[in-house]
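Here is the structure we will look at.
Proteins come first, then strands; the chains are lettered A, B, ... in the order of their sequence lines, and each starts at number 1.
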2 protein chains.
Amino acid sequence: MKIYEKLRNELKKRHLRITSQREAVLSVFLENEGEHLTADEAYEKLSHKNSHISKATIYRTVDLLKEMGFLSKVNFGDGMERYEVKDLNTHQHHHLICTKCGQVYEIKEDLLEDVEKLIEERTGFKIQDHQLNFYGICPKCQASKNEEKNTEEAARHSIK
Amino acid sequence: MKIYEKLRNELKKRHLRITSQREAVLSVFLENEGEHLTADEAYEKLSHKNSHISKATIYRTVDLLKEMGFLSKVNFGDGMERYEVKDLNTHQHHHLICTKCGQVYEIKEDLLEDVEKLIEERTGFKIQDHQLNFYGICPKCQASKNEEKNTEEAARHSIK
DNA sequence: CTCGCTGCAAAGCCTTTGCATTCGC
DNA sequence: GCGAATGCAAAGGCTTTGCAGCGAG
């Protein structure tokens, strides 16, 4: 597959080693696109498969993959660092987060097409990245607002 | 001052108590607008003045002030929760963060004037808030990019 | 063979919580 | 005086780090 070659090339270029762990960590994010996994979630998913990779390695690897441009860090205000595959070929997207159940939806349009350039011109910054999150209540939670408390699962993901 | 009256009214409305700590915490954010203080920074600023308020109370109070709409939580990817005064009268603003020295600049324009409504219509979400951050290298850090490492202070604020 | 990478456990940091005491109302 | 708020210290949760052993090149 193309992206694993890219990974190997990038590692070689930096004189770093190609290890099964590095490929496995990238794979778990590829196989769960749109899920914005935390390090811990990636660890669980990997454990359920085959690979027993230590959490320390997961943390070190997501950091490296981010540095090499394969992952982006995203933050939904729930106190954990989350990562997603950075697809350089597609448009950027933004996130719409339900503050009640924690569900995250992606907004496909790139609303900031020309804004980065504008800001670079005005401020002299060299812009590398941006992150746009909308917070609100999803239709499902609006509907159930007066019913009993949502699931435990939801409560765990809710945002303060 | 107007905003302290608003605080007292809001507390009364919720049958909560008016305490010196609650006013002091709000005051430190008002006196340091544009600084995006963490709980710990607020604690330090308060200690240097007069008020000795425990950190636990700071945490509890910023949370309450956010719930009541006096503060907004902002996140710059540095692993700490930051808060700023939420000025309901002015336009929204966004943040431009230098990933090297951690300096934060504010972008005054509201770039998302109509976007929220559009998203509400399309998705059925009830949008409460949004957060837009740009990450890049500020002019100063671009200039000094080949010089020796920036200050310790800067390193502490840098974003991975 | 060498040096980078991993795994494990311990340590670090920020934040939350339990409980006795204090203090609005 | 009653119950909420505070302070202190301990606990919690996520992330980083030290170090011995393993494994890629």
Side-chain angles (χ1 to χ4, degrees), chain A residues 4 7-26 28 36-44 46-47 50-68 71 73-83 102 155-160, chain B residues 4 7-26 36-44 46-47 50-68 71 73-83 155-160:
Chain A
Y4 293 107
L7 173 61
R8 294 196 197 97
N9 290 338
E10 190 62 30
L11 288 169
K12 275 180 198 159
K13 202 167 79 183
R14 297 176 183 232
H15 306 292
L16 300 174
R17 290 179 180 168
I18 295 163
T19 65
S20 61
Q21 288 89 339
R22 285 174 178 167
E23 297 194 348
V25 171
L26 179 54
V28 80
H36 319 96
L37 304 178
T38 64
D40 193 67
E41 287 164 354
Y43 174 77
E44 289 301 327
L46 284 166
S47 298
N50 43 354
S51 326
H52 268 276
I53 299 179
S54 73
K55 265 187 204 170
T57 297
I58 309 258
Y59 278 104
R60 285 185 281 230
T61 305
V62 292
D63 215 56
L64 176 64
L65 291 173
K66 178 174 147 289
E67 231 52 59
M68 301 197 305
L71 299 180
K73 186 153 100 175
V74 291
N75 192 302
F76 298 151
D78 60 355
M80 279 169 293
E81 317 215 304
R82 295 175 175 279
Y83 294 85
R156 237 184 315 122
H157 289 120
S158 74
I159 315 264
K160 273 196 326 191
Chain B
Y4 292 106
L7 173 61
R8 293 196 198 96
N9 290 339
E10 191 62 31
L11 287 170
K12 275 179 199 159
K13 202 167 78 185
R14 297 175 182 234
H15 306 291
L16 300 174
R17 289 178 179 168
I18 295 163
T19 65
S20 61
Q21 287 90 337
R22 286 174 174 165
E23 297 195 346
V25 171
L26 179 55
H36 319 96
L37 303 179
T38 64
D40 193 66
E41 287 165 353
Y43 175 77
E44 288 301 326
L46 284 166
S47 298
N50 42 353
S51 327
H52 269 276
I53 299 178
S54 73
K55 267 187 203 169
T57 297
I58 309 261
Y59 278 103
R60 286 185 281 232
T61 305
V62 291
D63 215 57
L64 176 65
L65 291 174
K66 178 175 147 288
E67 231 52 57
M68 299 197 305
L71 298 181
K73 185 153 100 176
V74 290
N75 191 303
F76 298 151
D78 61 355
M80 279 169 293
E81 317 216 303
R82 295 175 175 279
Y83 295 85
R156 238 187 311 125
H157 289 118
S158 74
I159 317 264
K160 273 195 325 191

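Phosphate proximity of dT6(D) to Thr19(B): present, with a side-chain N or O under 4.0 Å from OP1 or OP2. At the phosphate of dG7(D), OP1 or OP2 sits under 4.0 Å from a side-chain N or O atom of Gln21(B). A close approach under 4.0 Å does occur between a side-chain nitrogen or oxygen of Tyr59(A) and OP1 or OP2 of dT15(D). For Ser54(B) and dC8(D), the shortest distance from a side-chain N or O to OP1 or OP2 is not below 4.0 Å.
Among all heavy-atom pairs drawn from Arg8(B) and Glu23(B), the shortest one is NE-OE2, 2.8 Å. Contact detail for Ile58(A) and Ala39(A): the closest heavy-atom pair is CG2-O, 3.7 Å. In terms of heavy-atom proximity, Gly77(B) sits nearest to Ile159(B) at O-CG2, 3.7 Å. Smallest separation of non-hydrogen atoms from Ala24(B) and Ile53(B): CB-CD1, 3.7 Å. Nearest approach of Asp63(B) to Tyr83(B), heavy atoms of both residues: OD1-OH, 4.4 Å. The minimum heavy-atom distance between Gln21(B) and Thr57(B), with the atom names listed, is CB-CG2, 4.1 Å.
Checking dA24(D), dA4(D), dT15(D) against the side-chain heavy atoms of Arg17(B) singles out dA4(D) as nearest. Set against dC8(D), dG23(D), dG25(D), the side chain of Ile18(A) has dG25(D) as its closest nucleotide.
Per the geometry, CZ belonging to Arg14(B) stands 16 Å off C1' belonging to dA5(D), to the nearest Å. One atom, CG of Leu16(A), and another, C1' of dG23(D), lie 15 Å apart when rounded to the nearest Å. What separates OH of Tyr43(B) from C1' of dC8(D) is a distance of 10 Å, to the nearest Å. Regarding Arg60(B), its CZ atom lies at a distance of 8 Å from the C1' atom of dG7(D), rounded to whole Å. Taking atom CG of residue Asp40(A) and atom C1' of nucleotide dT16(D), one finds them 15 Å apart after rounding to whole Å. Rounded to whole Å, atom C1' of dT15(D) lies 10 Å from atom NZ of Lys73(A). The distance between atom NZ of Lys12(A) and atom P of dA24(D), rounded to the nearest whole Å, is 14 Å. dT6(D) atom C1' lies 14 Å from atom CG of Leu64(B), rounded to whole Å.
Residues Leu64(B) and Leu16(B) form a side-chain contact, since some pair of their non-hydrogen atoms from C-beta on lies under 4.5 Å apart. Residues Leu7(B) and Leu65(B) have side chains in contact (heavy-atom distance under 4.5 Å, counting atoms from C-beta outward).
Backbone-only engagement by Arg22(A) is indicated by non-hydrogen atom pairs under 4.0 Å involving sugar-phosphate atoms exclusively. Within the nucleic acid shown, His52(B) comes within 4.0 Å of sugar-phosphate atoms alone, with no base atom in reach, counting heavy atoms only.
Looking at residues two or more places apart in sequence or on another chain, you find a ring pair (Phe, Tyr, Trp, His ring centres under 6.0 Å) between Phe76(A) and His36(A), His95(A).
Where DNA chain C meets chain A (any atom under 4.0 Å from a heavy atom), the bounding nucleotides read 5' to 3' are dC3(C) to dT16(C).
Counting only distance, with no hydrogens or angles, the side chain of Arg22(A) and the backbone of Arg17(A) share a donor-acceptor pair below 3.5 Å.
The bend of the helix from dC1(C)-dG25(D) to dC25(C)-dG1(D), defined by the angle between the axes of its first five and last five pairs, stands at 30° to the nearest 10°.
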